[in-house]
Number of protein chains: 2
Amino acid sequence: MTSDVAPGRSRSGPSIQDVARLAGVSAQTVSRVSTGADNVRPATRDRVLAAMDELGYSPNHAARALRYGSFGTIGLIAHRLARTGESRTVEAVVEAARAEGYTVSLVDVQSPSSDDVTAAAARLSHQSIDGLVIIRAETATPASLVLPPRMPVVVSDSRFVGHHPAVAADQVTGTHVAVQHLLDLGHRTVHHLAGPVGSAPAEIRVDTWREHLVGAGRPLTAPLRGDWTARSGYEQGRLLAQDPDVTAVLCANDEMAAGLIRALYEAGRRVPDDISVVGFDDIPLTEFLWPPLTTVQQDFHLIGHRLMDLLLRQVRDREPLTDTRIVVPTRLVVRASTGPPRA
Amino acid sequence: MTSDVAPGRSRSGPSIQDVARLAGVSAQTVSRVSTGADNVRPATRDRVLAAMDELGYSPNHAARALRYGSFGTIGLIAHRLARTGESRTVEAVVEAARAEGYTVSLVDVQSPSSDDVTAAAARLSHQSIDGLVIIRAETATPASLVLPPRMPVVVSDSRFVGHHPAVAADQVTGTHVAVQHLLDLGHRTVHHLAGPVGSAPAEIRVDTWREHLVGAGRPLTAPLRGDWTARSGYEQGRLLAQDPDVTAVLCANDEMAAGLIRALYEAGRRVPDDISVVGFDDIPLTEFLWPPLTTVQQDFHLIGHRLMDLLLRQVRDREPLTDTRIVVPTRLVVRASTGPPRA
DNA sequence: CCGCTGGATGTTGACGTCAACATCCGCGGC
DNA sequence: GCCGCGGATGTTGACGTCAACATCCAGCGG
């Protein structure tokens, strides 16, 4: 019943030594029990387990990490974490990581520039992480992004193909299908409310949209620019509402589409009667907007899991995956915000 | 020019010894340079820095953590991380942590029950975290939540007052103000679309709503129950639309309000002409719904920062904050979804 | 009854870092 | 010229864990 646990030893709990003392065995035997080695007599094991329980012992992760050279932790760099696509991807990565026994260390960078991402990666690598996931480093470029050598990395951005293993939604097909959907409905051309200049996903969508219209021989207008927020969609929508030629708009995400639709309504233009609108992402609210939004669905959950798969193949199996690329399909969900143009 | 860095030493980079060898000094001198001690001759310091640079050295965090008993890491437990309130709070905590030099280890629990949260906390405490932030452990209860002893903890849930330091939005005032706003408009009573049974924030809103109506001597109806999703709001809205007595509904969050409004429209009941609707949270899209939603704004950003403040007071300053409680104000934002009942 | 075998358990050292203490060296004062 | 002092640098040990090796003992065959 005597308790001779060292009293004032900082914050960290009881050590393996304390347990060993209480159980009347050596530290090594305690270690064997806690790593699940099989050559421990059941009676001894029980005694050790009881001692662990009494002391509330849990192995010191720092010591294990030092011993093994691995933390069981992966770093995750995101920008504007609270945005829909980001937070859902993060959630999926965290979920997949937990399933594999890894913990996720999260860093939210101020800007998605190469400098900030480089700094965040350096910070994380000091944490002795086993691998690094970078989510949508929008304005970073492969050449200027400096990562710790020998660090397994995956990126959710197709721009990094050839430099880092990447997982990306098939935005090209998604955009083609969305534009074609509008043309099929009879629209003469499609306007585009794009994401900010410099953002890679925004540019891919702009390029594909333009290419498709050119390929179909349709008139081309300059893309409008938003910053992904509903407010920017609203502002651009006020401008667009002035233009009687506009009958169909492809928006680079759902938030901007929501803002746009509201601006159109306020200007007296009805969706889809006067103007058809397509979004991108399929956020949970999309279905309950008025009218329910036709949109290009991205499977963020799958993207998150694929990111983790790809990372673990490098971390665990030591596969060198320099230029692997995984494309996750997108899918057009047709709801009520698109229809034929007014005759 | 000779490079005698040990070749096959797993993943971790060069050690302090490698740098010392290259610079022709002892490991301790390298340590002094990297911790910024001042008693190193400038010439020596330069030599060491050059060696660090050449080798790409950075201190091994695991070893430091072992030595110091601290990781510079805080644990963050969340449930359904991708939800609006959660992701914005997480973002704010991560931001505040980074500003203070801490990294955040993220765990997303399957369910917000005491058991799952307890397990997650145990997992994290193995990571040698310095403190723990628990975001909205909805159905966990103070009594059954077992946390590692001596672990600094903060919780964003007022139910834990008296057990753990907590930061919570002032939902009580927010709910009172919202209900009164509807009564002031002339509604005879207010219906309530609540969150799931067992969720603490949901129950607080239910209790306050009921209490306010009773206090004002208004007729009381049983709260409808959703699960925070827009879909559940839609489903309850279909039921509610059948009831001609309903003229005002307070929803426990904005997503459910959006779903509810859509169901009302589909049933031919107009908002706010036939029915007024109030939401809760003020998510970014709220303003761009149709009609723009009157809602109770919660300042998630401030909540995140306050959580971090409270945690650091325990971690850094060793303040024992058992029952501290910080209340973050809420605010009713009146938009276009509320109005007087039809005469 | 002795020695051998094999499983259970103990001992040692190393992972990388840094505080405490030890040592070394140059310079100023007497 | 010698002593002492103080700043720069080196050495030792400890943080907690676990693999490798060492030891111990029970049981069995000869």
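Bear in mind the structure is a predicted one, so any value in this text is a computation, not a measurement. Below, chains carry the letters A, B, ... as their sequence lines are ordered, and counting in each starts from 1.
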Could you list the residues that satisfy side-chain hydrogen bond (donor to acceptor under 3.5 Å, both in side chains) with [X], not counting sequence neighbours?
X       : answer
R313(A) : E319(A)
Q28(A)  : none
S34(B)  : R64(B)
R98(B)  : none

In chain order, what residues pass the salt bridge (Lys or Arg N to Asp or Glu O under 4.0 Å) check against [X], with sequence neighbours excluded?
X       : value
R41(B)  : none
R32(A)  : none
R88(A)  : none
D323(A) : none

Between [N] ([atom2]) and [X] ([atom1]): distance, integer Å:
X      : N       : atom1 : atom2 : value
Q17(B) : dT11(D) : CD    : P     : 10 Å
L55(B) : dG16(C) : CG    : P     : 13 Å
D18(B) : dA14(C) : CG    : P     : 16 Å
I16(B) : dA19(C) : CD1   : P     : 10 Å
L66(B) : dC15(D) : CG    : P     : 9 Å
R64(B) : dG16(D) : CZ    : C1'   : 19 Å

What salt bridge (Lys or Arg N to Asp or Glu O under 4.0 Å) pairs are there with at least one residue in residues 65-81 of chain A, not counting sequence neighbours?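 Residue pairs passing salt bridge (Lys or Arg N to Asp or Glu O under 4.0 Å), neighbours aside: R80(A)-E91(B).
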
Kindly indicate whether the side chain of R67(A) and the base of dC15(C) share any N or O donor-acceptor pair separated by less than 3.5 Å?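 For R67(A), whose side chain was compared with the base of dC15(C), there is no donor-acceptor pair (under 3.5 Å).
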
Identify each atom pair where a protein N or O and an N or O of nucleotides 26-28 of chain C are less than 3.5 Å apart, giving names and distance.
none

Under-4.0 Å side-chain N/O to phosphate OP1/OP2 contact, Y68(B) with dG16(D):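 Indeed not, no polar side-chain atom of Y68(B) lies that close.
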
With a 4.0 Å limit, can you tell me whether S34(B) has a side-chain N or O closer than that to the phosphate oxygens OP1/OP2 of dC18(C)?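 Result: yes.
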
Output one line per pair: protein atom, nucleotide atom from nucleotides 7-10 of chain D, and distance, for all N/O pairs under 3.5 Å.
{"residue": "dT9(D)", "atom": "OP1", "partner": "R41(B)", "partner atom": "NE", "Å": "3.2"}
{"residue": "dT9(D)", "atom": "OP1", "partner": "R41(B)", "partner atom": "NH2", "Å": "3.1"}
{"residue": "dT9(D)", "atom": "OP1", "partner": "T44(B)", "partner atom": "OG1", "Å": "2.5"}
{"residue": "dT9(D)", "atom": "OP2", "partner": "R41(B)", "partner atom": "N", "Å": "2.9"}
{"residue": "dG10(D)", "atom": "OP2", "partner": "S26(B)", "partner atom": "N", "Å": "2.8"}
{"residue": "dG10(D)", "atom": "OP2", "partner": "S26(B)", "partner atom": "OG", "Å": "3.0"}
{"residue": "dG10(D)", "atom": "OP2", "partner": "T29(B)", "partner atom": "OG1", "Å": "2.8"}
{"residue": "dG10(D)", "atom": "N7", "partner": "R32(B)", "partner atom": "NH2", "Å": "2.9"}

Under the criterion side-chain contact (heavy atoms from CB on, under 4.5 Å), which of T73(B), V315(B), V94(B) is the partner of Y102(B)?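 Going through the options one by one, the only one that passes is V315(B).
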
For the side-chain contact (heavy atoms from CB on, under 4.5 Å) test, which of V153(A), V155(A), V109(A) pairs with I77(A)?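 With I77(A) as partner, side-chain contact (heavy atoms from CB on, under 4.5 Å) holds for just one option, V109(A).
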
What's the angle between the local helix axes at either end of the helix from dC1(C)-dG30(D) to dC30(C)-dG1(D), using five pairs per end and rounding to 10 degrees?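 Nearest ten degrees gives 70° for this helix.
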
